[in-house]
Novice: 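Got a structure for you, questions after.
Note that the coordinates shown come from a computational prediction; the quantities given were computed from them, not determined experimentally. Hydrogens, waters and symmetry mates are skipped; everything else that's a heavy atom, side chains included, is used.
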Amino acid sequence: MKFTDINLMEDEKKFEEVNDGPLFHCDLCDSEVVREIADVLVMGLSTACVDNTTADLFKGPAFVAVDMRKEMVDYLTQRTETYVAEVVVQEGGANAETSDHPTEIISDFIDDFASSKRNMFNRVSGWLLSETREDKIDEFVQEMDLSSFWLMERREAIAQTLLTNVDFKNKFHCKMKFHTTEELSAHRNQCSFRYISCINEGCNVSYSERHKEKHDLTCPFKILPCEQNCSTSLLRREMDRHCITVCPMKLVSCPFYQVGCESTIPQSVVVQHCSEFLHSHLVQILHVIRKVASVEQLNSRVEQIEKSSSLSELAAVRDVRSMTLLVKELDAKLGPLE
């Protein structure tokens with residue numbers, strides 16, 4: 001079965017010739033699940049190609065990729081078309097307890113296909129458990145991506161067909177049917193599975209309308225107020241860097257924490273804090289200089305320093321080293337403690 005055959009099969013599903021019954025099907029599917037399946041398709045193809053050509057001196061994964069892709073799509077189409085019947089027969093009915101998530105179901109089918117393509121080397125060696133195998137699979141995925149071998153839009157078209165085949169509980173695709181194309185068109189404009197684009201500038205993501213709120217909660221391009229309540233609004237993706245660098249409300253330690261000030265303050269009010277707590281900072285620094293002095297002696301000397309110096313000049317010093325040198329100099333001029 002070729003890709004065009006799959007597309008034709010999709011189109012044919014829209015039309016159901018039943019006496020007096022609905023003729024037109026809505027073919028919209030859950031965008032997240034479609035992309036999940038599209039991703040496992042390319043990973044499964046890479047696995048099958050790598051395992052099929054390991055230790056082969058004459059051909060590599062790229063040599064078999066075209067034929068392997070066609071064979072895998074045919075296999076998955078056949079398996080998914082018979083899946084519901086298998087569930088009913090083997091599990092005792094459509095309501096039986098079994099995985100109903102399309103990605104899990106199709107992943108199992110892909111694993112079965114890839115396993116069937118392992119060559120003799122894989123079957124008799126420890127290759128399947130080696131890190132080298134995983135690296136080669138990842139490398140071939142990247143190679144296919146760079147060469148546009150299997151474009152996402154083509155994989156998504158196949159994924160929609162596979163999803164519809166296995167989603168017998170209609171959780172991940174629309175089950176609505178209509179008598180006329182006009183009714184179908186009107187429904188598609190309101191269907192919760194319809195694709196919409198993110199409205200945030202710079203975001204190119206599209207998704208099913210039902211995931212709008214979920215995407216909005218994580219979109220890196222959504223403009224938000226600062227989480228630390230400064231006046232800035234910025235992109236979500238820039239929030240962390242803003243909060244730990246330039247945000248004026250970023251909490252910082254007092255410049256004099258080394259001498260005992262344990263205050264944690266927004267960096268925008270450091271100047272104000274140093275001015276308001278100048279006296280206690282001077283006491284703490286003087287205590288480092290005069291270790292044996294009493295609290296009364298230290299407070300008395302600080303009062304003398306404040307009277308003999310410019311308070312604005314003292315408050316302007318906002319690092320321990322400079323303040324210590326200044327206090328030492330002023331303390332020395334005032335002579336011994338009383």
Novice: Using only heavy-atom distances, determine whether the side chains of H279 and N299 contain a donor-acceptor pair under 3.5 Å.
Specialist: yes

Novice: As an exercise, state the distance from CZ of R155 to CZ of R35, rounded to the nearest 0.5 Å.
Specialist: 11.5 Å

Novice: Do D145 and V141 have side chains that get closer than 4.5 Å, going by heavy atoms?
Specialist: no

Novice: Using modelled atom types only, decide if a donor and an acceptor are shared between the side chain of S31 and the backbone of Y207 within a distance under 3.5 Å.
Specialist: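 Such a contact is absent between S31 side chain and Y207 backbone.
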
Novice: Side chains of Q272 and E276: donor-acceptor distance under 3.5 Å anywhere?
Specialist: yes

Novice: Between F24 and H179, does the ring pair (Phe, Tyr, Trp, His ring centres under 6.0 Å) criterion hold? Intermediate values first, please.
Specialist: CA-CA 6 Å; F24 300 92; H179 290 283; 9.0 Å; no

Novice: Answer yes or no: is there a side-chain heavy-atom contact under 4.5 Å between C174 and D27?
Specialist: no

Novice: Looking at Q78, is its backbone amide N or carbonyl O close enough to the side chain of T82 to form a donor-acceptor pair, meaning the two atoms are under 3.5 Å apart?
Specialist: yes

Novice: More than 12 foreign heavy atoms under 6.0 Å from NE2 of H187: is that the case here?
Specialist: yes

Novice: If we ignore angles and hydrogens, is there a donor and acceptor under 3.5 Å between the side chains of R79 and Y75?
Specialist: yes

Novice: How close do P225 and S233 get, counting heavy atoms only, and between which atoms?
Specialist: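 Where P225 meets S233 most closely, the heavy atoms are CA-OG, 4.0 Å.
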
Novice: Could you tell me whether the side chain of K136 and the main chain of R133 form a donor-acceptor pair under 3.5 Å?
Specialist: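 Checked: no pair found.
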
Novice: Mind checking the OG-CD1 spacing from S107 to I37? Nearest 0.5 Å is all I need.
Specialist: 8.0 Å

Novice: Side chain of T47, backbone of M43: donor and acceptor closer than 3.5 Å?
Specialist: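 Answer holds: yes.
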
Novice: Sub-3.5 Å donor-acceptor pair from the side chain of S309 to the main-chain atoms of I305, do we have one?
Specialist: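 Yes, because the side chain of S309 sits within donor-acceptor range (under 3.5 Å) of the backbone of I305.
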
Novice: E71: which residues meet the salt bridge (Lys or Arg N to Asp or Glu O under 4.0 Å) condition with it, sequence neighbours left out?
Specialist: K117

Novice: Could you tell me if D51 and T54 have a donor-acceptor pair between their side chains, going purely by distance under 3.5 Å?
Specialist: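 Distance-only check fails for T54 and D51.
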
Novice: Is there a donor-acceptor contact under 3.5 Å from the side chain of R241 to the main chain of V246?
Specialist: no

Novice: Transitively linked via ILVMFWY side-chain contacts under 4.5 Å: V288 with V320?
Specialist: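 Same cluster: V288 reaches V320 through Ile, Leu, Val, Met, Phe, Trp or Tyr contacts under 4.5 Å.
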
Novice: Assess the residue pair S322 and D319 against the criterion (side-chain hydrogen bond (donor to acceptor under 3.5 Å, both in side chains)); give the C-alpha distance rounded to whole Å, side-chain angles, the decisive distance to 0.1 Å, and a yes or no.
Specialist: CA-CA 6 Å; S322 299; D319 68 272; 3.0 Å; yes

Novice: Should the pair D74-K70 be classified as a salt bridge under the 4.0 Å nitrogen-to-oxygen rule?
Specialist: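 Looking at D74 and K70, the cut-off is met.
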
Novice: If you define the side chain from C-beta out and look only at heavy atoms, does anything of C274 sit under 4.5 Å from F256?
Specialist: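 When only atoms from C-beta onward are counted, F256 and C274 do touch, with a gap below 4.5 Å.
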
Novice: Do L298 and F277 share a hydrophobic cluster, counting only Ile, Leu, Val, Met, Phe, Trp and Tyr and linking them when any side-chain heavy atoms are less than 4.5 Å apart?
Specialist: no

Novice: Less than 4.5 Å apart, side chain to side chain, heavy atoms only: is that true for C243 and K250?
Specialist: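 The answer is no, as the side chains (C-beta and beyond) never meet within the 4.5 Å cut-off.
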
Novice: In terms of side-chain geometry, is the basic nitrogen of K307 or E303 positioned less than 4.0 Å from the acidic oxygen of its partner?
Specialist: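 So K307 does not pair with E303 through a salt bridge.
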
Novice: Are any side-chain N or O atoms of S46 and backbone N or O atoms of I137, one a donor and one an acceptor, separated by less than 3.5 Å?
Specialist: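 Side chain of S46 to backbone of I137, a donor-acceptor pair under 3.5 Å: yes, one is there.
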
Novice: If you compare all heavy atoms of R301 against all heavy atoms of P336, which two are closest, and at what distance to 0.1 Å?
Specialist: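 The pair with the smallest heavy-atom distance is NH2-O, 2.9 Å.
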
Novice: Is the closest side-chain heavy-atom distance between V33 and H101 below 4.5 Å?
Specialist: yes

Novice: Rounded to the nearest 0.5 Å, how far apart are CG of L224 and CE of M239?
Specialist: 5.0 Å

Novice: Begin from the C-alpha positions of R194 and R188 and carry the test side-chain contact (heavy atoms from CB on, under 4.5 Å) through to its verdict.
Specialist: CA-CA 6 Å; R194 73 185 186 277; R188 287 171 67 93; 6.0 Å; no

Novice: Check whether NZ of the Lys or CZ of the Arg R154 lies under 6.0 Å from the centre of the six-membered ring of F149 and within 45 degrees of that ring's axis.
Specialist: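 Negative - R154 is either too far from the ring of F149 or too far off its axis.
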
Novice: Any donor and acceptor pair, going by atom type alone, linking the side chain of Q142 with main-chain N or O of E139 inside 3.5 Å?
Specialist: no

Novice: Given side chains that start at C-beta, do those of I196 and S206 come closer than 4.5 Å, heavy atoms only?
Specialist: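 Result no, sub-4.5 Å side-chain heavy-atom pair not found.
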
Novice: Do D30 and H211 meet the criterion of a side-chain donor-acceptor pair at a distance under 3.5 Å?
Specialist: yes

Novice: Is a donor on one side and an acceptor on the other found under 3.5 Å between the side chain of N200 and the backbone of F221?
Specialist: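 Not a single qualifying donor-acceptor pair exists.
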
Novice: Shortest non-hydrogen contact from E143 to A62?
Specialist: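 Smallest heavy-atom distance, with atoms named: OE2-CB, 3.9 Å.
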
Novice: What distance do H281 atom NE2 and Y257 atom OH have between them, rounded to the nearest 0.5 Å?
Specialist: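 With rounding to 0.5 Å, NE2 (H281) is 13.0 Å from OH (Y257).
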
Novice: Do M68 and L45 have side-chain heavy atoms sitting under 4.5 Å apart?
Specialist: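 Yes, their side chains come closer than 4.5 Å.
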
Novice: Measure the spacing between CD of Q267 and NE2 of H273 and express it to the nearest 0.5 Å.
Specialist: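 Spacing of CD (Q267) from NE2 (H273) equals 14.0 Å.
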
Novice: Flag the pair M176 / F178 as yes when at least one side-chain heavy-atom distance between them is below 4.5 Å, and no otherwise.
Specialist: yes

Novice: Minimum heavy-atom separation for A38 and A159, please, with both atom names.
Specialist: N-CB, 4.1 Å

Novice: Quick one: does T53's side chain have a donor or acceptor within less than 3.5 Å of a partner on D56's backbone?
Specialist: no

Novice: State, to 0.1 Å, how close L278 and L311 come at their nearest heavy-atom pair, and which atoms those are.
Specialist: CD2-O, 3.9 Å

Novice: Is the CD1 atom of I199 crowded by more than 12 outside heavy atoms at less than 6.0 Å?
Specialist: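 Result for CD1/I199: open.
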
Novice: Surrounding OH of Y195 (heavy atoms of other residues, nucleotides or ligands, distance under 6.0 Å), is the total greater than 12?
Specialist: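 Count over threshold, so yes.
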
Novice: Is D331 salt-bridged to R290, cutoff N-O under 4.0 Å?
Specialist: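 Between R290 and D331 there is a salt bridge, with a charged N closer than 4.0 Å to a carboxylate O.
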
Novice: Please name the pair of heavy atoms, one in V50 and one in P61, separated by the smallest distance, quoted to 0.1 Å.
Specialist: CG2-CG, 4.0 Å

